[in-house]
Amino acid sequence: MHQTPGGVMLVLVRCVAVMAAIVFIQNVSARADDYPNRSVTLIVPWAPAGAVDTVARIIAPKMSERLGKAVVIENRGGAGSTLGTAISAKAAPDGYTLGMPGSGSMAVGAAMYKQLPYDPTKDFAPMALIGRVPFVLVVHAALPVKSVPELIAYAKANKIFYASGGPGSPHHIYAEMFKGMTGIEMTHVPYKGSAEAIKDVVAGHVQMMFSDPVPSVPLIQSGAIRGLGVTTLVRWSTAPEIPPLNEAGVPGFDAAGWFMVSGPAGTPQPIVERMHAELVKAVNAPDVRQKFAEQIDMEILGSTPAEFAAFQKAEQERWFKVIQDNGIKAD
């Protein structure tokens, strides 16, 4: 059968397209089969010594052991964790630069900022939701309050400054929730991370903050600061004497910070699946769980990428409502 030149050209174009698709699939498969053949960078979007950094440094050696290549932590804090999250989103989608974003950059930020340097839903390849941690309301040791009702009464009669790990961070959002639910006024003083913020609470430069457990537990135990309430509905196993805020004078207060490991969108699916499997095994390893118990009071989640999508959608809707109801704005 005779074909016109145009018909021949169309057949050639289709053949080239099919061959290109086959080569692409083979290359992706080869990269996944060989993965990893060099070190993997894990970007932690917070300064060192906070909860997320601590979890990353517990997980990284186990992941290095399981993958056979080093997992290197790179701290890129700033802007309430959106800076480091943006860097990980823009990395090459080859599985060698991963991120550890969390509730601030993946749920709260979308509701709080008109424009982010990334799309929290479209620009990532979720690998595993790692865990969630309670926060604790702490005050300077010399502040004349020993309970949440006393703090509320004090704040109504005095000017209060509270510290945070940056605008949009859990420290910031939980304090603003506390303001909205108790009717008090407080002034926000943002820092680059929780470790820096809590130093100024200890020094008395600011009176209070909602802190993640890593920097606060030893300071509470030493008496350098006082813990008044935890943000979750259940008590903290690390410090069971500190009541939930829900029981201590702020009914309905329930919040926890969460974090995940993700790659940039476009990361080959075999690599996503491999990393999910290795991460779940790593966080559930007995020695890793023991370190979690000793260093951070974390609820281990380890959800699948599909489960995370539903979880993230629910979290974005929840925090959008919280931010709108409480009139929370970025500083």
For a quick test of your reading: what N or O donor-acceptor pairs under 3.5 Å do the side chains of residues 215-230 make, sequence neighbours left out?
from: Ser216; atom 1: OG; to: Asp212; atom 2: O; distance (Å): 2.9
from: Ser216; atom 1: OG; to: Pro213; atom 2: O; distance (Å): 3.4
from: Ser222; atom 1: OG; to: Pro218; atom 2: O; distance (Å): 3.3
from: Ser222; atom 1: OG; to: Leu219; atom 2: O; distance (Å): 3.0
from: Ser222; atom 1: OG; to: Ala224; atom 2: N; distance (Å): 3.4
from: Arg226; atom 1: NH1; to: Leu143; atom 2: O; distance (Å): 3.1
from: Arg226; atom 1: NH1; to: Val145; atom 2: O; distance (Å): 2.6
from: Arg226; atom 1: NH2; to: Ala141; atom 2: O; distance (Å): 2.9

Return all side-chain donor-acceptor pairs below 3.5 angstrom for residues 114-137, not counting sequence neighbours, or 'none' if the list is empty.
from: Tyr118; atom 1: OH; to: Ser105; atom 2: O; distance (Å): 2.8
from: Asp119; atom 1: OD1; to: Thr121; atom 2: N; distance (Å): 2.8
from: Asp119; atom 1: OD1; to: Lys122; atom 2: N; distance (Å): 3.1
from: Asp123; atom 1: OD2; to: Asp119; atom 2: N; distance (Å): 2.7
from: Arg132; atom 1: NH1; to: Glu299; atom 2: OE1; distance (Å): 3.2

Check: residues 197-205 side-chain donor-acceptor pairs under 3.5 Å, at least two apart:
from: Asp200; atom 1: OD2; to: Tyr191; atom 2: OH; distance (Å): 2.5

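Under the 4.5 Å side-chain criterion, counting only non-hydrogen atoms from C-beta, Lys69 is not in contact with Ser64. With contacts defined as side-chain heavy-atom distances shorter than 4.5 Å, the pair Trp319/Met177 qualifies. Side-chain contact check for Val250 versus Val148: some heavy-atom pair is nearer than 4.5 Å. Within the 4.5 Å cutoff, the side chain of Leu151 has heavy atoms near those of the Phe178 side chain. You'll find the side chain of Ser103 stays beyond 4.5 Å of the side chain of Phe259, heavy atoms only. Residues Glu74 and Thr41 are in side-chain contact: their nearest non-hydrogen atoms beyond the backbone lie under 4.5 Å apart. For the pair Met208/His140, no side-chain contact is recorded, criterion being any heavy-atom separation below 4.5 Å from C-beta on.
Neither Met260 nor Leu83 shares a network with the other; the hydrophobic side chains, linked directly or stepwise wherever heavy atoms of I, L, V, M, F, W or Y lie under 4.5 Å apart, form separate groups for each. Residues Met112 and Trp46 share a single hydrophobic cluster, defined by chaining ILVMFWY side chains whose heavy atoms lie under 4.5 Å apart. Connection of Val288 to Val280 is not established within any shared hydrophobic cluster, with ILVMFWY side chains joined at heavy-atom distances below 4.5 Å, either directly or through further cluster members. The hydrophobic cluster containing Leu67 does not contain Ile43, counting ILVMFWY residues as joined when their side-chain heavy atoms lie under 4.5 angstrom apart, directly or transitively. The hydrophobic cluster containing Met186 also contains Leu245, counting ILVMFWY residues as joined when their side-chain heavy atoms lie under 4.5 angstrom apart, directly or transitively.
At a threshold of 4.0 Å, the pair Lys62-Glu65 counts as salt-bridged, since one of the basic side-chain nitrogens sits closer than that to a carboxylate oxygen. Contact check on Glu317 versus Lys313 returns a salt bridge, with a Lys/Arg side-chain nitrogen under 4.0 Å from an Asp/Glu carboxylate oxygen. Here Glu247 pairs with Arg235 in a salt bridge; the nearest charged N to carboxylate O distance falls below 4.0 Å. The residues Lys291 and Asp287 are annotated as not salt-bridged, no charged nitrogen and carboxylate oxygen being separated by less than 4.0 angstrom.
No more than 12 heavy-atom neighbours from other residues, nucleotides or ligands sit within 6.0 angstrom of CZ on Phe320. Heavy-atom contacts from other residues, nucleotides or ligands closer than 6.0 Å to CD of Glu185 number 12 or fewer. More than 12 heavy-atom neighbours from other residues, nucleotides or ligands sit within 6.0 angstrom of CZ on Arg318.
How far CD1 of Ile296 is from CD1 of Ile58: 7.0 Å, rounded to the nearest 0.5 Å. The OG1 atom of Thr187 sits 9.5 Å away from the CD1 atom of Ile160 when rounded to the nearest 0.5 Å. A distance of 6.5 Å separates CZ in Phe253 from CE in Met181, rounded to the nearest 0.5 Å. Thr97 contributes atom OG1, which lies 14.0 Å from atom NZ of Lys90 (distance to the nearest 0.5 angstrom). Considering NZ of Lys192 and OG of Ser169, their distance stands at 14.5 Å, rounded to 0.5 Å. The CD1 atom of Ile173 lies 13.0 Å from the OG1 atom of Thr231; values are rounded to the nearest 0.5 Å.
No side-chain donor-acceptor contact under 3.5 Å links His171 and Ser211. With no hydrogens or angles considered, a side-chain donor-acceptor pair links Glu315 and Trp258 at under 3.5 Å. Between the side chains of Asp254 and Asn246, no donor-acceptor pair of N or O atoms lies under 3.5 Å.
Between Ala47 and Gly193 the shortest heavy-atom distance is CB-CA, 4.3 Å. Ser39 and Tyr96 get closest at one heavy-atom pair: O-CD2, 3.5 Å. For the pair Ala248 and Pro149, the tightest heavy-atom approach, listed with the atom from each and the gap, is O-CD, 3.3 Å. Heavy atoms only, all atoms of each residue included: Pro240 and Thr238 are closest at CD-C, 3.7 Å. Nearest heavy atoms, Val214 versus Ala49: CG1-O, 3.5 Å. Summarising the geometry of Met100 relative to Ala56, their closest heavy-atom pair is SD-CB, 3.6 Å, with the distance given to 0.1 Å.
Seen from the ring of Tyr35, Arg274 does not count as a face-on cation partner, given the 6.0 Å and 45° thresholds. For the pair Lys159 and Phe161, the cation-pi test (distance below 6.0 Å, angle within 45°) is passed.
In terms of modelled atom types and a separation under 3.5 Å, the side chain of His276 and the main chain of Val272 share no donor-acceptor contact. Judged by distance alone, the side chain of Glu307 and the main-chain N or O of Thr304 form a donor-acceptor pair under 3.5 Å. Between the side chain of Thr54 and the backbone N or O of Gly50 there is at least one donor-acceptor pair closer than 3.5 Å. A donor-acceptor pair is defined here as one N or O able to donate and one able to accept, closer than 3.5 Å; such a pair exists between the side chain of Gln316 and the backbone of Met106.
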Q. Where do Tyr162 and Gln207 land on the side chain to side chain contact (heavy atoms under 4.5 Å, CB included) test, with the steps shown first?
A. CA-CA 6 Å; Tyr162 75 88; Gln207 295 105 317; over 6 Å; no
Q | Evaluation steps, side chain to side chain contact (heavy atoms under 4.5 Å, CB included), between Ile328 and His172 | A | CA-CA 9 Å; Ile328 302 172; His172 175 208; 4.3 Å; yes
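Val55 pairs in a side chain to side chain contact (heavy atoms under 4.5 Å, CB included) with only one of the listed residues (Asp53, Val52, Ile59), which is Ile59.
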